[in-house]
Enquirer: 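First the structure, then my questions, so here it is.
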Amino acid sequence: YDAQGGSGAPAAGTKNHGVAYTLSTTKPTKTGYTFLGWNTSSTATTASHQPGGTTQAGTNQNITFYAIWKANTYTVKYNANGGSGTMSNTAGTYGVSTNLRKNTFTKTGYSFSGWNAHRTGDNKWYYKGSESNGWYTEANAPSGYTKYVYKDEQTFAKLTSTQGDTITMYAVWTENYLTVNYYSNYATEYNGTNTLPSGAVVNKDNNTLICTQKFYYDNPANYGLNDYTSGSTLGMIKTGYTRTNKWGTSTSTEEGIKIAQNTTFDTGQALAQAFGKDLSSGNASVNVYAQWTENYLTVNYYSNYATEY
């Protein structure tokens with residue numbers, strides 16, 4: 001008996017001259033394949049004999065029975081995981097390279113990041129580890145392992161070895177955000193409690209990036225732009241100028257959108273919309289500049305009782 005890549009083939013038997021031979025009832029196994037039976041041809045795709053079956057009595061020569069295997073098939077389904085839309089299933093065959101479908105699900109305020117795979121047969125997820133990947137239940141995944149994220153249209157071949165199993169690909173969503181880049185607008189001194197980015201220099205000659213902050217689409221926290229009052233989070237001084245306590249999309253106080261520091265917004269989307277941005281279908285960014293008004297001297301001229309003007 002030749003298991004042809006499988007294991008557990010029966011031991012050789014002896015056939016007596018002129019007597020039918022009864023095949024062993026033992027069935028070999030092969031991961032990812034279903035045993036169909038035996039054939040005397042190593043290239044056959046169908047079985048001519050079954051375990052426990054018999055040969056013809058007139059067969060009087062050495063015989064090798066070759067295991068006949070059929071690759072197991074399974075179904076890949078797609079789950080929007082809080083998103084919306086529908087996607088058709090994908091048929092998978094063990095050992096055969098197949099591509100996942102291109103994602104068509106959508107979720108307002110979120111961007112598609114890939115797929116997490118769940119195997120129905122043993123209720124396991126596919127995890128990524130520092131040294132190896134593997135299938136685990138959520139309760140038994142090793143420490144530090146995270147669910148592997150399959151890329152859109154990624155190739156797969158051996159998601160399961162079980163015939164008729166179902167693999168469900170759950171969409172992975174990343175919440176969209178607004179990136180706010182804060183600039184000094186030529187402040188002359190920085191005394192904020194927030195650490196400046198590496199290499200940043202705040203002086204009258206530089207419109208310096210002093211902080212970057214992300215505001216997420218539907219995070220329920222009250223969002224507000226950072227305070228740049230002297231000694232506060234982004235505290236600054238500009239010699240000869242007075243802060244307006246507002247951030248603007250232009251370096252000029254006469255142009256652009258102005259929003260007062262610490263004004264709260266229920267979500268990142270609300271803040272984005274205040275700047276004319278929208279996070280419903282992707283990330284966005286905005287540059288904001290500390291707003292300063294130049295100090296001035298007011299000279300009041302009096303007539304001192306002149307008799308004519």
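All figures in this text were calculated on a predicted structure; none of them were measured in a lab.
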Enquirer: Could you tell me which residues satisfy side chain to side chain contact (heavy atoms under 4.5 Å, CB included) with Ala260, sequence neighbours excluded, listed by chain and number?
Expert: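 For Ala260 the side chain to side chain contact (heavy atoms under 4.5 Å, CB included) partners, ignoring immediate neighbours, are Lys246, Thr263.
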
Enquirer: Apart from Ile68 itself, which Ile, Leu, Val, Met, Phe, Trp or Tyr residues share its cluster (side-chain heavy atoms under 4.5 Å, direct or through members)?
Expert: Leu36

Enquirer: For residues 206-217, which side-chain N or O atoms pair as donor and acceptor with protein atoms under 3.5 Å away, sequence neighbours left out?
Expert:
from: Asn206; atom 1: ND2; to: Asn203; atom 2: OD1; distance (Å): 2.7
from: Asn207; atom 1: OD1; to: Asn185; atom 2: N; distance (Å): 2.8
from: Thr208; atom 1: OG1; to: Val201; atom 2: O; distance (Å): 2.4
from: Thr212; atom 1: OG1; to: Asn181; atom 2: OD1; distance (Å): 3.2
from: Gln213; atom 1: OE1; to: Tyr182; atom 2: OH; distance (Å): 2.7
from: Gln213; atom 1: OE1; to: Asn226; atom 2: ND2; distance (Å): 3.0

Enquirer: Could you go through Lys147 and Glu138, starting from their C-alpha distance and side-chain angles, then the distance that decides it, and tell me whether this counts as salt bridge (charged side-chain N to carboxylate O under 4.0 Å, His left out)?
Expert: CA-CA 9 Å; Lys147 289 177 181 175; Glu138 290 182 317; 2.5 Å; yes

Enquirer: Counting only heavy atoms not in Lys128, do more than 12 sit closer than 6.0 Å to its NZ atom?
Expert: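 No, because the 6.0 Å sphere around NZ of Lys128 holds 12 heavy atoms or fewer from other groups.
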
Enquirer: Hey, do the aromatic rings of Tyr148 and Tyr150 have their centres closer than 6.0 Å?
Expert: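 Centroid separation for Tyr148 and Tyr150: below 6.0 Å.
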
Enquirer: Any side-chain donor-acceptor pair under 3.5 Å between Asn72 and Thr34?
Expert: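 Side-chain D/A pair, Asn72 to Thr34: present.
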
Enquirer: Go through the structure and list residues passing ring pair (Phe, Tyr, Trp, His ring centres under 6.0 Å) with Tyr241, not counting sequence neighbours.
Expert: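 Partners of Tyr241 under the ring pair (Phe, Tyr, Trp, His ring centres under 6.0 Å) test: none.
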
Enquirer: Could you walk me through whether Asn99 and Glu153 pass the side chain to side chain donor-acceptor pair (under 3.5 Å) test, one step at a time?
Expert: CA-CA 5 Å; Asn99 285 4; Glu153 300 182 282; 5.9 Å; no

Enquirer: Val76 and Tyr78: side-chain contact (heavy atoms from CB on, under 4.5 Å), yes or no, with the steps?
Expert: CA-CA 7 Å; Val76 178; Tyr78 300 88; 4.0 Å; yes

Enquirer: What about Tyr127 and Trp135, are their ring centers closer than 6.0 Å?
Expert: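 Aromatic pair excluded; centres sit 6.0 Å or further apart.
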
Enquirer: Hey, are the side chains of Phe65 and Asp2 touching, using non-hydrogen atoms and a 4.5 Å cut-off?
Expert: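 Answer no - side chains too far apart.
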
Enquirer: Does the side chain of Thr54 pick up a donor-acceptor pair with the side chain of Thr22 at under 3.5 Å?
Expert: no

Enquirer: Please tell me whether Trp292 and Tyr228 form a close aromatic pair, meaning their ring centres lie under 6.0 Å apart.
Expert: yes

Enquirer: Can you tell me which residue among Thr166, Thr168, Asn123 is in a side chain to side chain donor-acceptor pair (under 3.5 Å) with His118?
Expert: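 Single side chain to side chain donor-acceptor pair (under 3.5 Å) partner of His118 among Thr166, Thr168, Asn123: Asn123.
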
Enquirer: Taking the inter-plane angle between the rings of Tyr74 and Phe156 on a 0 to 90° scale, is it parallel (under 30°), tilted (30 to 60°) or perpendicular (over 60°)?
Expert: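 Ring orientation of Tyr74 relative to Phe156: tilted.
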
Enquirer: Test of understanding: with ring pair (Phe, Tyr, Trp, His ring centres under 6.0 Å), list the residues that count as partners of Trp173, not counting sequence neighbours.
Expert: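 Testing Trp173 for ring pair (Phe, Tyr, Trp, His ring centres under 6.0 Å), a comparison that skips the adjacent residues, returns Phe112.
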
Enquirer: Would Tyr66 and Trp69 count as a close aromatic pair, with their ring centres under 6.0 Å?
Expert: no

Enquirer: Ignoring hydrogens and angles, state whether a donor on the side chain of Asn295 or Thr242 is under 3.5 Å from an acceptor on the partner side chain.
Expert: yes

Enquirer: Tyr136: which residues meet the ring pair (Phe, Tyr, Trp, His ring centres under 6.0 Å) condition with it, sequence neighbours left out?
Expert: Tyr145

Enquirer: Quick one about Ser41 and Thr43 (side-chain donor to acceptor, distance below 3.5 Å, no hydrogens or angles considered), yes or no?
Expert: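 The answer is yes; a qualifying pair exists.
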
Enquirer: For the residue pair Tyr1 and Tyr21, categorise the inter-ring angle as parallel (less than 30°), tilted (30 to 60°) or perpendicular (more than 60°).
Expert: tilted

Enquirer: Go through the steps for Gln269 and Asp278 under the test side chain to side chain donor-acceptor pair (under 3.5 Å), then give the verdict.
Expert: CA-CA 7 Å; Gln269 171 71 339; Asp278 185 11; 2.8 Å; yes

